[in-house]
Amino acid sequence: MMKLSHFLMPTLKEVPSEADTRAHSLMLRAGLIRRLTAGVHSFLPLGWRVMKNIERIIREEQNRFDCQEINMPVLNPRELWEESNRWTDFGDVLFRLKDRRGRDLCLGPTHEEVITDLARSFITSYRELPQTWYQIQTKFRDEARPRAGVIRGRQFTMMDAYSFDYSQEGLDKSYENQRIIYERIYNRCGLEYSLVGASSGLMGGTGSQEFMQLTPDGEDTVITCEKCGYAANSEVAQSRLNQVSEVVENPHEPEDVHTPDKKTIAAVSEFLGVRPMDLMKSVLVMADDKPVLALIRGDLEVNETKLMTAIGAEYRAMEPHEIVEMAGADAGFIGPIGWKTKPWIIVDESIVEGASYISGANKNDYHIKNIVPGRDFSMKTVKDIRVVKDGEGCPNCDSKIKISRAVELGHIFKLGTKYSKAMGAKYTDSEGADNPLIMGCYGIGLERIMSGAVDTHADDFGIIWPATIAPFDFIIISLMQTESSIMETAKNIYEKLKGLGKDVLWDNREYNPGVKFKDADLIGIPIHLVIGKNFLKDGLVEIKIRKTGERRKIKPKVAIEELMKIHHELINELNDSADQVK
RNA sequence: CGGGGUGUAGCUCAGUUCGGUUAGAGUGCUAGUCUCGGGUACUAGAGGUCGGAGGUUCGAAUCCUCUCACCCCGACCA
């Protein structure tokens, strides 16, 4: 019997100092989790029940589409990860260890390698395809900086699914199925999200989308257009500029300008009396020991992910002394003209061919004016490498875009053949020829669903769990523990609800009413049943719906029926929203 | 990895500048009395390697050296 008097529920009145977001604070105060070390948490009974409910919903939705649950090892051998080159590519994020014989192992941060190994072992023919396999597993990533409690942990729970197809159309279909599954899962869990275009990053592949929960506490940035529905992660988002550089008829020849000690765009534009957008900003970086000069209009910023995509490799900022050696000037006076050995110049789309700009002269205290792109330097590589700013135009409909913070709830990828090619996972087609499997991979962070639900569904008093994932369906609050009539009624209702298969918590603690009400609100059980003063006086018990605050006083005899009815309504509302997914 | 900060009771934090009784408060916990529909009141009590090691000193939470952990900003981040 779930009596609160013998139940681990360490609620807190004060906010623990480790809390850095509202959701994190509530999860700590409601006694859901406990931190063990940086980015690693225990789940206490209440929190674990929520996790189990989320798992259950994920399983139900994956199984609806005939996806098959498996379980892959956390402990992986180095050799497997060398096949995909990710033993190196993952860098410090990979948790590594050695066994007693000195062999290298890692703790799986994701499972493409293992699943591809399974696929190459067992899939032989196109006749067996498509298939999708998934697992719910603990992942390990040695994050440089764990954050926001359970949002960015070094150990976390992920549902990861992998699809195998023999055609692009098949992959499209498998991907689309997962999109529907994901939306159904989030809807059932009561989460709001937007589906945005995303960068594939280290995963590789041909396309990916992220499910983003918009919240000020998020660590990602997304760009959305309310008018046409455009939505993208800032890493890939595009926009239309509010102002475009004008082409100049009969431009002058380049000419040095003395700009003593004017090292910033702001300083130069003020000194010369021109707009920042009349300047070109030069950013010098090193990619695989090759110098790259990124050129962008003076009033704009370079987006690091976009630049990485444009270069096609990771890069690092240059050290000050490297800049001087390369360019012959300090960082503030770099420009596209006057190189001894020319770097690869990547030009942002904001730079207009035939317009006239001012930029660094590659000698200290000098800039050059009348620089004309196309005439004075190569426009061979023109890419979008710009940070999108609030208030710029939507790339589709040109209405003003909005920038929001967000948490990534899930990510779906069309992987293509990156892993199947690298690891030799092939099938035989109808012609008898071998081809690499076409793969997709799909991930959901369970803790993020939990935290996201808390973030969205809470008020000044505490959490308001969506009924589908709440740790308990009902809490019975019996006041005056010495009144046997109250205790008997509570026990009676408790047992009947249990008999109907419901999860019920009974607060039988000998505390003042206020303490028990506060706790019930804080931990967010959807439906409260209070048995106290009104029962002694009028024989009535009181139902409180946490979400609305509504209270109903009714006879104990009809309480069960009423409680079940309210509960069904709360559950159905969420499940119905899943059926709206198209 | 760079910069900054914090470690004192289960939790939130004083005390450290300028070394000096038995290291404090609130909350939580225990016992008792009271109270019983929104964190009740009173009384009594338990609870501490002051993150760790070494050093200076008659004497160290306090000063010095080293070290560990955690947090924040940045870098990084399927």
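Residue numbering restarts at 1 for every chain, and letters A, B, ... go by the order of the sequence lines. The analysis underlying the following values was restricted to heavy atoms, covering all of them including side chains, and did not include hydrogens, waters or symmetry mates. Quick caveat: nothing in here was measured; it's all calculated off a predicted structure.
- The CZ-P distance, from R34(A) to C70(B), rounds to 14 Å in whole Å.
- Rounded to whole Å, atom P of G38(B) lies 16 Å from atom CZ of R509(A).
- In this structure, K516(A) is not positioned above the aromatic face of Y511(A) in the sense of NZ or CZ being under 6.0 Å from the six-membered ring centre and within 45° of the axis.
- Annotation: of the two residues near RNA chain B, P146(A) and I531(A), the 5′-most nearest-nucleotide partner is I531(A).
- Separating the P atom of A60(B) from that of G54(B) is a span of 13 Å, rounded to the nearest Å.
- Checking C70(B), G39(B), U12(B) against the side-chain heavy atoms of L522(A) singles out G39(B) as nearest.
- Between I523(A) atom CD1 and G38(B) atom C1' the separation is 15 Å, expressed in whole Å.
- The separation between F517(A) atom CZ and C36(B) atom C1' is 10 Å, rounded to whole Å.
- To the nearest whole angstrom, the two C1' atoms, one in G24(B) and one in C70(B), are 24 Å apart.
- Toward the 5' end of RNA chain B, the nearer of the two residues R35(A) and G532(A), judged by each one's closest nucleotide, is G532(A).
- Residue V15(A) is in sugar-phosphate contact alone, with no base atom involved, counting any heavy-atom pair closer than 4.0 Å across all strands shown.
- Across all strands, P109(A) comes closer than 4.0 Å to base atoms (heavy-atom distances).
- The separation of A44(B) from G7(B), taken at their P atoms, amounts to 32 Å, rounded to a whole angstrom.
- Not less than 6.0 angstrom separates the ring centroid of Y162(A) from the ring centroid of Y419(A).
- Separating the NZ atom of K533(A) from the P atom of G37(B) is a distance of 5 Å, rounded to the nearest angstrom.
- At least one side-chain heavy atom of L529(A) sits under 4.5 Å from a side-chain heavy atom of I543(A).
- The shortest distance between the side-chain N/O atoms of Y511(A) and the OP1/OP2 oxygens of C29(B) is below 4.0 Å.
- Of the C1' atoms belonging to G3(B) and G39(B), the separation is 41 Å, rounded to the nearest Å.
- Taking the six-membered ring for Trp and the full ring otherwise, the centers of F164(A) and W133(A) sit less than 6.0 Å from each other.
- Under the Watson-Crick or G-U wobble criterion, with both distances below 3.5 Å, U21(B) has no partner in any strand shown.
- Contact annotation for R152(A): base contact, defined as any heavy-atom pair under 4.0 Å involving a base atom.
- Nucleic acid contact for F156(A): base, since at least one base atom lies under 4.0 Å from a heavy atom of the residue.
- Under the Watson-Crick or G-U wobble criterion, with both distances below 3.5 Å, G74(B) is paired with C1(B).
- Residue D220(A) contributes atom CG, which lies 9 Å from atom C1' of C77(B) at whole-angstrom precision.
- Heavy atoms of N534(A) sit under 4.0 angstrom from at least one base atom.
- In this pair, W506(A) and Y494(A) present their aromatic rings tilted. The plane angle is within the 30 to 60° band.
- Across C71(B), G39(B), G37(B), the shortest atom-to-atom separation from the side chain of V515(A) is found for G39(B).
- Atom CD in E301(A) sits roughly 15 Å away from atom P in G74(B) (whole-Å rounding).
- Nearest to the side-chain atoms of K13(A) among the listed nucleotides G39(B), C11(B), C70(B) stands G39(B).
- Residue F535(A) forms a side chain to side chain contact (heavy atoms under 4.5 Å, CB included) with just one option from V530(A), T489(A), L540(A), and that option is T489(A).
- A23(B) and C66(B): their C1' atoms are spaced 26 Å apart (whole Å).
- Rounded to a whole Å, the CD atom of E14(A) is 16 Å from the P atom of A25(B).
- Contact annotation for V93(A): no contact, since no heavy-atom pair falls under 4.0 Å across all strands.
- With both ends at atom P, the span from A46(B) to G10(B) equals 16 Å, rounded to whole Å.
- Within 4.0 Å (heavy atoms only), D519(A) reaches at least one base atom of the nucleic acid.
- Taking the six-membered ring where tryptophan is involved, the planes of Y442(A) and Y182(A) are perpendicular, since the angle between them exceeds 60° and thus also 30°.
- Put simply, the side chain of R551(A) and the base of G38(B) share a donor and an acceptor less than 3.5 Å apart.
- Within the 4.0 angstrom heavy-atom criterion, base atoms lie near E542(A).
- Between T482(A) and C36(B), a side-chain N or O to OP1/OP2 separation shorter than 4.0 Å is absent.
- Residue K544(A) places its side chain closer to G38(B) than to any other of C71(B), G38(B), U12(B).
- Pair check for A44(B) finds U30(B); Watson-Crick or G-U wobble, both atom distances under 3.5 Å.
- For R509(A), the CZ atom sits in a packed shell: over 12 heavy atoms of surrounding residues, nucleotides or ligands are nearer than 6.0 Å.
- Pair assignment for U65(B): A53(B), on the basis of Watson-Crick or G-U wobble contacts that are both within less than 3.5 Å.
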